[in-house]
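These notes are about the structure you will find just below.
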Amino acid sequence: MGFAKDFVWGAATSSYQIEGAAQEDGKGQHVWDVFVKEPGHIAEGHTGDRACDHYHLFREDIKLMKEMGLMAYRFSIDWSRILPEGVGRVNEKGIAFYSELIDTLLQHGIEPYITLYHWELPYALHQRGGWMNPQMVEWFGEYAKLVAERFSDRVKYFFTLNEPQCFVGLGFLTGEHAPGIKAPLKDTFAMAHHVLKAHGRAVQMLRQYGKQDLVIGYAPTGSMCYPETEREEDVEAARQMIFSMSQEDRNWTWNVAWWSDPILLGHYPEKEFACYEKYLPKITDDDMKLIAEPIDIYGQNIYNGRCIRMGKDGKPEEVPRYVGFPRTAINWPVTPECLYWGPKFLYERYKKPIYITENGLSCHDVVSLDKKVHDPNRIDFLARYLHELKRAAEEVDLRGYFHWSLMDNFEWAKGYTERFGLIYVDYRTQERIFKDSAYWYRDVIRKNGEDL
């Protein structure tokens, strides 16, 4: 037992985090291009203008993917690179870049998985209201149509949106991410509804204009929950908690159910809907039908989780972390259990084949005196997490795992101060160095995780 014979081992990136070439070949601006230029937004004043220069180095990067043994590569398309104004005029140079990227992946036997939206909202659309504008549903649909027309002859796998919890919550609620707005709750709930409708519209357009039968999914995130013990009541407490919502209104986006129930169950979570009804826009049956447009696979980005038990009062409660609890360089807790219980609870509720679309950690990686990058803590982390994922694979329909990230990159508001990659990037020279974890992961792939 263990991972299925056709289990997909891959790695993931996103366009702005690695591509660079921010002002080249007719690319339009997106909200991050603008946001990073204002003082105080990004650690040490960093920008993604050059990033890993993947726009020019993608052929070499794909050779490294091949060397690592990757079976699949999940990347995002920069909407503003192929539609500089977000709609209308097509930038053929942008299309050519992604087309050659796809062809090169296929030549090396690596399956491309496209994410349509990993937070790069064209600035021209932001100026027209962005996610606040109901027209975003059709704008996103037009973009999805173009992607289907140009790439779906060679690409079979698509994810519509990456982490709406973050691009709405951090972009418009806390203002930590682009475009840096602290909007009223009412506006954020309206945006969330437009986001979900845009997802549905993209699914329709991909199906309508796809050149082959496509496999379409969605890649949200959220905190997983795992039980303190395997007693029935603790398991039930964790199950209830994973699909509950934050009690803090200014953190309402950080949850699973609000973003996934409508897509997969056809309705918003009832208790929470009643709680937030005063903030909600008018929601019609047609809206919900569009949002619930059938998808084939369910992606989930999972990094950590919370330990839950059933309290004496019969309500779930979080178990406090002990003093000195293990943490990654970015200060996220190390909780391998989330990669067993997360997929288990998600599959039980949504009954869709699951991909782990992101998982990994930031480490304090350095080039050592022997000119190598030794990252035993990343190997240990992945061994623990993937061991739990292997347990899950024996119980649920688990299709694949994408490590975040293929290479060190621009980590949003953290700039280049965090390193998540299997490949080390020297940003001064653009030199790439395999970390020890890249070789370790290559062995995991070769053996399909049998030694985990």
Side-chain angles (χ1 to χ4, degrees), residues 14-17 19-42 46-49 51 76-91 94 115-147 160-202 205 219-220 250 252-253 259 279 281 410-413 415:
S14 87
S15 51
Y16 186 62
Q17 292 183 270
E19 283 178 7
Q23 283 94 38
E24 284 184 47
D25 288 345
K27 183 183 109 54
Q29 282 198 312
H30 54 60
V31 289
W32 279 92
D33 289 319
V34 175
F35 184 72
V36 299
K37 296 295 163 66
E38 295 188 13
H41 285 164
I42 310 296
H46 296 161
T47 78
D49 283 1
S76 72
I77 289 180
D78 181 340
W79 185 349
S80 69
R81 198 178 285 287
I82 65 172
L83 286 164
E85 285 85 41
V87 290
R89 179 176 65 86
V90 176
N91 178 28
T115 303
L116 289 181
Y117 187 77
H118 199 128
W119 313 356
E120 298 92 355
L121 178 66
Y123 194 66
L125 296 185
H126 170 69
Q127 290 177 306
R128 295 167 71 179
W131 291 111
M132 271 300 289
N133 190 331
Q135 285 182 272
M136 265 297 283
V137 177
E138 290 306 321
W139 295 338
F140 194 60
E142 185 178 322
Y143 164 53
K145 176 188 173 194
L146 176 65
V147 170
T160 55
L161 302 164
N162 184 79
E163 299 186 338
Q165 290 87 348
C166 294
F167 72 76
V168 176
L170 299 175
F172 294 95
L173 203 55
T174 67
E176 295 165 63
H177 281 187
I181 290 167
K182 293 184 180 178
L185 289 180
K186 185 178 174 66
D187 288 1
T188 60
F189 278 102
M191 283 183 221
H193 192 58
H194 298 153
V195 163
L196 291 170
K197 286 173 68 178
H199 154 83
R201 189 68 181 124
M205 297 302 251
R250 297 308 296 181
W252 80 259
T253 61
W259 302 98
Y279 299 120
F410 179 81
E411 187 48 43
W412 307 113

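Bear in mind that the values here come from a model prediction, so they are computed numbers and not experimental data.
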Aromatic contact, Tyr16 with His30 (centres under 6.0 Å):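 Tyr16 vs His30: aromatic centres under 6.0 Å.
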
Proximity of Tyr117 and Phe167 rings by center, below 6.0 Å: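 Close enough - the centres of the two rings lie under 6.0 Å apart.
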
Looking at side-chain heavy atoms only, is the closest gap between [X] and [Y] below 4.5 Å?
{"X": "Asn133", "Y": "His126", "answer": "no"}
{"X": "Met136", "Y": "Leu125", "answer": "yes"}
{"X": "Pro220", "Y": "Gln165", "answer": "yes"}
{"X": "Trp259", "Y": "Pro164", "answer": "yes"}
{"X": "His118", "Y": "Asp78", "answer": "no"}
{"X": "Val168", "Y": "Leu173", "answer": "no"}
{"X": "Val87", "Y": "Gln135", "answer": "no"}
{"X": "Pro84", "Y": "Arg89", "answer": "yes"}

From [X] [atom1] over to [Y] [atom2], what is the distance, rounded to the nearest 0.5 angstrom?
{"X": "His177", "Y": "Glu163", "atom1": "NE2", "atom2": "CD", "answer": "9.5 Å"}
{"X": "Asp49", "Y": "Asp33", "atom1": "CG", "atom2": "CG", "answer": "7.0 Å"}
{"X": "Thr47", "Y": "Glu38", "atom1": "OG1", "atom2": "CD", "answer": "13.5 Å"}
{"X": "Ser76", "Y": "Glu19", "atom1": "OG", "atom2": "CD", "answer": "7.0 Å"}
{"X": "Leu146", "Y": "Asn91", "atom1": "CG", "atom2": "CG", "answer": "10.5 Å"}
{"X": "Ile77", "Y": "Ile82", "atom1": "CD1", "atom2": "CD1", "answer": "5.0 Å"}

Whether Trp79 side chain and Gly86 backbone form a donor-acceptor pair below 3.5 Å: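 Answer holds: yes.
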
Which atom names give the shortest non-hydrogen contact between [X] and [Y], and what distance separates them?
{"X": "Thr160", "Y": "Ala202", "value": "CG2-CB, 4.1 Å"}
{"X": "Ala22", "Y": "Lys27", "value": "O-CE, 3.1 Å"}
{"X": "Tyr143", "Y": "Leu116", "value": "OH-O, 2.7 Å"}
{"X": "Thr174", "Y": "Arg250", "value": "CG2-O, 4.1 Å"}

Parallel, tilted or perpendicular: ring planes of Trp32 versus Phe35, cut at 30 and 60 degrees: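 Trp32 and Phe35: perpendicular rings.
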
Presence of salt bridge, Arg81 and Asp25, under 4.0 angstrom: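 So Asp25 does not pair with Arg81 through a salt bridge.
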
Pair His41-Val36, side-chain contact (heavy atoms from CB on, under 4.5 Å): steps then yes or no: CA-CA 6 Å; His41 285 164; Val36 299; over 6 Å; no

With Ala51 via side chain to side chain contact (heavy atoms under 4.5 Å, CB included) - residues at least two apart: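 Counting only residues at least two positions away or on another chain, Ala51 forms a side chain to side chain contact (heavy atoms under 4.5 Å, CB included) with Tyr416.
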
Val137: partners by side chain to side chain contact (heavy atoms under 4.5 Å, CB included), with sequence neighbours left out: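 For Val137 the side chain to side chain contact (heavy atoms under 4.5 Å, CB included) partners, ignoring immediate neighbours, are Lys197, Arg201, Leu290.
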
Test side-chain contact (heavy atoms from CB on, under 4.5 Å) applied to Phe410 and Ile42, step by step: CA-CA 10 Å; Phe410 179 81; Ile42 310 296; 3.9 Å; yes

Check: Gln17/Trp412 side-chain N/O donor and acceptor closer than 3.5 Å: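 Yes, a side-chain donor-acceptor pair sits under 3.5 Å.
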
Between Ser80 and Glu120: side-chain donor-acceptor atoms closer than 3.5 Å: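 No donor-acceptor contact under 3.5 Å links the two side chains.
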
Steps toward side-chain contact (heavy atoms from CB on, under 4.5 Å) verdict (Val31, Trp119): CA-CA 8 Å; Val31 289; Trp119 313 356; over 6 Å; no

Can you give the donor-acceptor pairs under 3.5 Å from side chains of residues 182-189 to other protein atoms, not counting sequence neighbours?
{"residue": "Thr188", "atom": "OG1", "partner": "Leu185", "partner atom": "O", "Å": "2.8"}
{"residue": "Thr188", "atom": "OG1", "partner": "Trp252", "partner atom": "NE1", "Å": "3.0"}

